[in-house]
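The next block holds one structure in the form of structure tokens; read it before the comments.
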There are 2 protein chains.
Amino acid sequence: MNRITKQLHKMSKNTPELSKIISVNTKEPIENYRWITLQKLEYSDPLGQVRTYEKVTRMTTSTNGVDAVTIVPLLKTPNLPTRILLLKQFRPACGKVCIEFPAGLVDESDESLLKAAEREMKEETGYTITKLIKQSPVMYADPGITDATAVVLTCEIDLSKPENQNVKPDLDDGEFIEVFDVELSELEKTVESLSKQGYALDARVAGIIDGFVVNSQLMMDWKCD
Amino acid sequence: MNRITKQLHKMSKNTPELSKIISVNTKEPIENYRWITLQKLEYSDPLGQVRTYEKVTRMTTSTNGVDAVTIVPLLKTPNLPTRILLLKQFRPACGKVCIEFPAGLVDESDESLLKAAEREMKEETGYTITKLIKQSPVMYADPGITDATAVVLTCEIDLSKPENQNVKPDLDDGEFIEVFDVELSELEKTVESLSKQGYALDARVAGIIDGFVVNSQLMMDWKCD
């Protein structure tokens, strides 16, 4: 039986860990660009060959090294099924209205990623996070082109609490966000339908659904035991 | 009881759908950059105010409009628990070795996204996809800065098939990839441990794990019924 293959390239000179960055050029912002810039870098591959690479980087990375937080907000009401909150937001970079979770850049003033999440949640939706269920490791949104990072905080929003009654968002000038929610068991169907209607789908939302699909495979294993 | 809020901004003039792109400048690649470029665009917000925005775009988007495919490869062996295949790859844009799924840009020559996935899977791991379990909608990796898109194909790799015996990757010059796999039930623990060791974590891998976490909330609902 063919078993995979931790050893496939192991112990060779070709392991990815032997690569290293040699230099990064174009550190200065490209003329007239304020938020993002391109950089060209040289790196050494595992065989010692020098190669070049083009990347994009945010000029707003906070001192704690994480660009952004994303909140997966689970709405809890006693004795009712869990709902999940989503946003519709126009994303100029995509030219489309995007289906996404509340999210935002981490400020220098944020004491912690949870504080950043609480602030963004409040601003974009009016809701107060009542419990942190899980904080993800730092994730790279699109490592082929950018070092932009995010941390995902899966949170509970208890709708029976006083602070979550009659809430109102507090949007910045230029933010136009529509908040909506669906029953968690309807998430996949709703999101696929919105995608067919022409809405853009953020990878964090899509990732949750991919996780459901993979999880169902895991549950099949357990049934077979 | 406070119920959310589909209607929060609904029927106002502020709905995100009223936004539109007016113009995109810097269509020409920025000098000496071949793979990605910056663009500055003007758009009209829902109130009709003209605003500017900076984005990054790939110069390699295929004619079918999707930049890349990612494969979530589930390794199946009769009577054994499902395993999931991952890669370690040095990502110059991040300056780190990244934990990720097999993935690649869609070629003009690809007849379909599944064909692209089959080609990338074969090249990067040697394995042949034996079944497509689920194809995701088009997802936007980081809609705040880029229109880069990907489709995720969750696939079965039947290790008992002849084509999946004694496989060998067929890497391009300059690709240094290490293939490894873990039992699906160990994915979360393994990935968090690798993140702590300093590996970068691709958002598609992290998304699967976030999906597990949210799925467990859904299962709690069912238990309460």
Fill in the blank from the handout: If one checks every heavy atom of A:Y43 against chain B at 4.5 Å, the contacting part turns out to be side chain
Problem - Test item: B:E163 side-chain N/O and B:T128 main-chain N/O as donor-acceptor pair under 3.5 Å - result: no
Handout entry: Option among A:V152, A:I133, A:L86 that satisfies the side-chain contact (heavy atoms from CB on, under 4.5 Å) test with A:V72
Key = A:V152
Completion exercise
Bottom line for B:L74: the part with an atom under 4.5 Å from chain A's heavy atoms is side chain
Problem - Proximal component of A:S195, with respect to chain B [non-hydrogen, under 4.5 Å] - result: side chain
Practice task
Could you have a look at A:A148, A:G207, A:G126 and say which one has the most heavy-atom pairs with chain B under 4.5 angstrom?
Solution key: A:G207
Problem - Among the listed options A:S136, A:G95, A:P81, the residue most often paired with chain B at heavy-atom distances under 4.5 Å - result: A:P81
Exercise for the section: Name the member of B:I84, B:I145, B:V97 that forms the most heavy-atom pairs with chain A at distances under 4.5 Å. Expected result: B:I145
Completion exercise
Rounded to the nearest 0.5 angstrom, the CD-CD1 distance for A:E188 and A:I208 is 12.0 Å
Problem - Under 4.5 Å from a heavy atom of chain A, the part of B:V138 involved - result: backbone
Exercise for the section: Report yes or no: does B:D45 contribute a side-chain atom to a donor-acceptor pair with the main-chain N or O of A:G174 at less than 3.5 Å? Expected result: no
Practice task
Using atom types as modelled and distance alone, determine if a side-chain donor or acceptor of B:Y53 lies under 3.5 Å from a backbone N or O of B:G144.
Solution key: yes
Problem - When A:E100, A:E183, A:R204 are compared by non-hydrogen pairs under 4.5 Å with chain B, the top option - result: A:R204
Problem - Heavy-atom pair of closest approach, residues B:Y127 and B:N164 - result: CD2-OD1, 3.4 Å
Fill in the blank from the handout: Between A:Y33 and A:M59, the two heavy atoms sitting closest are O-CE, 3.3 Å
Exercise for the section: Give, as side chain, backbone, both or neither, the part of A:L184 having an atom under 4.5 angstrom from any heavy atom of chain B. Expected result: both
Problem - Value rounded to 0.5 Å, distance of NZ in A:K189 from CG in A:L187 - result: 11.5 Å
Practice task
Heavy-atom distances under 4.5 Å only: say whether B:L105 touches chain A with side chain, backbone, both or neither.
Solution key: neither
Problem - For chain A, the option from B:T52, B:D142, B:T154 that forms the most heavy-atom pairs under 4.5 Å - result: B:D142
Handout entry: Heavy-atom side-chain contact between B:D158 and B:K131 under 4.5 Å
Key = no
Fill in the blank from the handout: The interface call for A:K76 against chain B, heavy-atom contacts under 4.5 Å, is side chain
Exercise for the section: Return the option, out of B:E192, B:R51, B:E175, with the maximum number of heavy-atom pairs under 4.5 Å with chain A. Expected result: B:R51
Problem - Interchain contact, B:V214 with chain A, by part (heavy-atom threshold 4.5 Å) - result: both
Handout entry: Interchain contact, A:Q89 with chain B, by part (heavy-atom threshold 4.5 Å)
Key = backbone
Problem - Under-4.0 Å salt bridge between A:K55 and A:D147 - result: yes
Exercise for the section: Measure B:K96 against the heavy atoms of chain A and call it side chain, backbone, both or neither at under 4.5 Å. Expected result: side chain
Handout entry: Pairs of heavy atoms under 4.5 Å with chain A: top-ranked of B:A141, B:P137, B:P92
Key = B:P92
Completion exercise
Ranked by heavy-atom pairs below 4.5 Å to chain B, first place among A:C94, A:A68, A:A93 goes to A:A93
Practice task
Pick whichever of A:Q217, A:Q49, A:E156 has the most heavy-atom pairs under 4.5 Å with chain B.
Solution key: A:Q217
Exercise for the section: Identify which part of A:V56 has an atom lying under 4.5 Å from any heavy atom of chain B, answering side chain, backbone, both or neither. Expected result: both
Problem - Nearest-0.5 Å distance, CG of residue B:D181 to CD of residue B:E186 - result: 12.0 Å
Exercise for the section: Look at the side chain of A:E124 and the backbone N and O of A:A103, then say whether any donor-acceptor pair between them is shorter than 3.5 Å. Expected result: yes
